[in-house]
Amino acid sequence: VKKVNNINKIIKNLQKGVENSLEQIGVTGVANIQSNTPVKVGHLKRSMTFKKAIKGKKYKVTFGSALDYSIIVEFKPSRVQGFFRKTLVGFKGEAKEIIERNISRL
């Protein structure tokens, strides 16, 4: 009987699965945000983006817009107030499913 240590391969595959999940969460999250973004001309909708960050064992996806008035649209009292936050709250379950699907494939 020969013992084989595959722990490094398993860790590398898990990290790759999580990194793939980050990308899919980013793309899907931006699409969801864009589908709920109020449109006057379309600049705000097109400006939505995401950024992935990996620091040690922490993985993070940040969504947002570089347009100054995006904050005004999000927080100004109106019928669309909170569109961004409401979308992300509703997206939590879908993000979890993306991670589970990628990890279960390993």
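Throughout, residue positions are numbered sequentially from 1 according to the sequence presented.
Looking only at atom types and distance, the side chain of T87 has no donor-acceptor partner in the side chain of N32 under 3.5 Å away.
To the nearest 0.5 Å, atoms OG1 (T37) and CD (Q34) are separated by 6.5 Å. The distance from atom OG of S70 to atom CZ of F83, rounded to the nearest 0.5 Å, is 7.5 Å. Atom CD1 of residue I33 and atom NZ of residue K86 lie 14.5 Å apart, to the nearest 0.5 angstrom.
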Run the side-chain donor-acceptor check on residues 12-20: report pairs under 3.5 Å with partners two or more places apart or on a different chain.
residue	atom	partner	partner atom	Å
N13	ND2	K9	O	3.4
N20	ND2	K16	O	3.4

Just list the side-chain donor-acceptor pairs under 3.5 Å for residues 47-64, sequence neighbours left out, or say none.
residue	atom	partner	partner atom	Å
S47	OG	L44	O	2.8
S47	OG	S65	OG	2.6
K52	NZ	E23	OE1	2.8

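Contact record, V39 with K45: CG2-CD, 3.8 Å, taken as the closest heavy-atom pair. Residue F75 comes nearest to Q81 through the heavy atom pair O-NE2, 3.2 Å, listed as atom of the first residue, atom of the second, then distance.
In this structure, V41 is not a member of the same hydrophobic cluster as Y69, with clusters built from ILVMFWY side-chain heavy atoms closer than 4.5 Å.
Under the rule for a side-chain contact (heavy atoms from CB on, under 4.5 Å), R79 has no partner lying at least two apart in sequence or in another chain. The side-chain contact (heavy atoms from CB on, under 4.5 Å) test applied to R46 returns H43, not counting sequence neighbours. Residues passing the side-chain contact (heavy atoms from CB on, under 4.5 Å) test with N6 are V4, I10, sequence neighbours excluded.
Contact annotation: the side chain of R101 approaches that of I98 to within less than 4.5 Å [non-hydrogen atoms, C-beta and beyond].
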Q24 and V27: CA distance, side-chain angles, deciding distance, side-chain contact (heavy atoms from CB on, under 4.5 Å) verdict: CA-CA 5 Å; Q24 290 176 16; V27 169; 6.0 Å; no
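Under a 4.5 Å side-chain heavy-atom criterion applied to ILVMFWY residues, the cluster that includes I7 comprises I11 as well.
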